[in-house]
> 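Sending over a structure as structure tokens; questions will come in a sec.
Position 1 is the first residue of the sequence, and the numbers go up from there. If you're wondering where the values come from, they're calculated on a predicted model, not measured in any experiment. Any value given below was found using the heavy atoms of this structure, including those in side chains, with hydrogens, waters and symmetry copies removed.
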Amino acid sequence: MKLSMTPKGLDDENTYVLHDKKHALIIDPGARLKDILALLAPNETVDGICLTHGHKDHTFATDDLVDLFHCPVYIHPLDMTLCLGNAAAFGGTPIYSPLSAYEPETPIGRFLVKVLHTPGHTAGSVCLQIRSHLFTGDTLFAQDIGRTDLYSGDEQQMKESLERLKSLRHDLIIHPGHGPESTLSQELLLNPYLK
């Protein structure tokens with residue numbers, strides 16, 4: 001399995017593409033559609049799109065990608081409100097493609113996605129584990145965490161979510177929604193919010 005990442009997007013967000021034997025999975029497609037498409041080989045099948053939460057900087061290119069690849073889109077049900085017609089009022093943007101809810105273990109084409117519900121940044125924030133990779137969205141960054149003062153954010157829920165992350169395998173590679181990658185072991189040592 002190979003991992004690609006776009007250059008920084010509109011809000012310095014990270015969009016990731018996983019590749020496995022001519023299949024691809026897109027995680028958090030932000031505003032730079034051309035950059036996302038440049039990561040895909042002409043003969044790759046896009047098995048799906050995974051959203052870590054519903055804020056627009058992580059979802060903006062979703063409908064355009066679905067139009068091109070006719071793939072399913074996955075999000076936690078508690079963040080679907082951030083994808084409705086009035087989403088802009090809450091920090092989201094409307095998504096008109098059908099949305100599917102995650103299961104705790106969600107098979108998507110060639111990819112098995114373990115889904116950890118980690119509310120705090122938003123009510124429906126999730127972290128996605130695929131093999132040794134953990135895509136943390138705006139829950140956990142390198143030596144920082146996401147905001148809890150936006151719509152449906154909650155400081156106490158964030159604390160509980162971070163406690164859950166501390167119990168995961170320490171060798172997981174952390175791929176956040178913004179900023180550089182890290183490892184869980186490194187964050188346990190250096191991130192003040194995980195001490």
> Roughly how far, to the nearest 0.5 Å, is CG of Asp28 from OG1 of Thr62?
8.5 Å
> If we ignore hydrogens and angles and just use 3.5 Å, is the side chain of Thr93 paired with the main-chain N or O of Lys56 as donor and acceptor?
no
> Say whether Tyr74 and Leu116 are linked into one hydrophobic cluster, either directly or through other cluster members, by side-chain heavy-atom distances under 4.5 angstrom.
no
> Leu78: which other cluster members, linking ILVMFWY side chains closer than 4.5 Å, directly or transitively?
none
> Mind checking ring-ring contact (aromatic ring centres under 6.0 Å, His included) for Phe141 and listing every partner two or more places apart, or none if nothing turns up?
His178
> Considering only distance and modelled atom types, tabulate donor-acceptor pairs under 3.5 Å from the side chains of residues 165-174, sequence neighbours left out.
{"residue": "Lys166", "atom": "NZ", "partner": "Glu163", "partner atom": "OE2", "Å": "3.0"}
{"residue": "Lys166", "atom": "NZ", "partner": "Leu194", "partner atom": "O", "Å": "3.4"}
{"residue": "Ser167", "atom": "OG", "partner": "Arg164", "partner atom": "O", "Å": "2.6"}
{"residue": "Arg169", "atom": "NE", "partner": "Asp171", "partner atom": "OD1", "Å": "3.0"}
{"residue": "Arg169", "atom": "NH2", "partner": "Asp171", "partner atom": "OD1", "Å": "3.4"}
{"residue": "Arg169", "atom": "NH2", "partner": "Asp171", "partner atom": "OD2", "Å": "3.2"}

> Quick one: hydrophobic cluster around Leu65, which other residues, with the 4.5 Å side-chain cut-off, linked directly or via members?
Val17, Ile26, Leu33, Ile36, Leu37, Leu39, Leu40, Val46, Ile49, Leu51, Val66, Leu68, Phe69, Val73, Ile75, Met80, Ile95, Leu99
> Enter the distance from Leu140:CG to Cys127:SG here, rounded to the nearest 0.5 Å.
7.0 Å
> Give the cluster check for Leu18 versus Tyr102: same hydrophobic cluster or not, with ILVMFWY residues linked at side-chain heavy-atom distances below 4.5 Å.
yes
> To the nearest 0.5 Å, what is the distance between CG (Asp57) and CZ (Arg32)?
13.5 Å
> Enumerate the residue pairs fulfilling side-chain hydrogen bond (donor to acceptor under 3.5 Å, both in side chains) with a member in residues 182-195, sequence neighbours excluded, ordered by first and then second residue.
Ser182-Gln186, Ser182-Glu187, Thr183-Ser185, Glu187-Asn191
> Quick check on the hydrophobic clustering: are Met1 and Val113 connected, directly or via other members, by side-chain heavy-atom contacts under 4.5 Å?
yes
> Looking at Gln156, I'd like to know if its CD atom is crowded, meaning that more than 12 non-hydrogen atoms belonging to other residues, nucleotides or ligands lie closer than 6.0 Å.
yes
> Which distance, rounded to the nearest 0.5 Å, do you find between the CG of Leu128 and the CG of Leu134?
8.0 Å
> List for me each residue that meets salt bridge (Lys or Arg N to Asp or Glu O under 4.0 Å) alongside Asp67, sequence neighbours excluded, and say none if there are none.
none
> By the ring-ring contact (aromatic ring centres under 6.0 Å, His included) test, which pairs, at least two apart or in different chains, include something from residues 25-45?
none
> Going by ring-ring contact (aromatic ring centres under 6.0 Å, His included), name the pairs with one or both residues in residues 17-48, residues two or more places apart or in two chains.
none
> Taking only residues two or more places apart in sequence or in another chain, which ones pass side-chain contact (heavy atoms from CB on, under 4.5 Å) with Tyr16?
Leu3, Met5, Asn14, Ile27, Phe135, His175, Pro176
> Using every non-hydrogen atom in the two residues, find where Ala123 and Ser152 come nearest and quote the distance to one decimal.
N-OG, 2.9 Å
> Can you confirm whether Leu25 sits close enough to Ile108 that some side-chain heavy atom of one is under 4.5 Å from a side-chain heavy atom of the other?
yes
> How long is the gap from CD on Glu105 to NZ on Lys114, to the nearest 0.5 Å?
5.5 Å
> Residues two or more places apart in sequence or in another chain: which of them pass side-chain contact (heavy atoms from CB on, under 4.5 Å) with Phe90?
Leu82, Asn86, Tyr151
> Kindly indicate, with the supporting measurements, whether the criterion side chain to side chain contact (heavy atoms under 4.5 Å, CB included) is fulfilled by Lys159 and Leu162.
CA-CA 5 Å; Lys159 289 178 182 176; Leu162 295 173; 5.7 Å; no
> Please collect all side-chain hydrogen bond (donor to acceptor under 3.5 Å, both in side chains) contacts where either partner lies in residues 115-129, sequence neighbours excluded, each pair once.
His55-His121, Asp79-Thr122, Thr118-Thr139, His121-Asp138, Thr122-Ser125
> Measure the spacing between OG1 of Thr45 and NZ of Lys21 and express it to the nearest 0.5 Å.
14.5 Å
> Suppose we screen for salt bridge (Lys or Arg N to Asp or Glu O under 4.0 Å). Which residues come up paired with Asp20, at least two apart in sequence or across chains?
Arg110, Arg131
> Give me the atom names and distance for the closest heavy-atom approach of Val115 to Glu103.
CG2-O, 3.4 Å
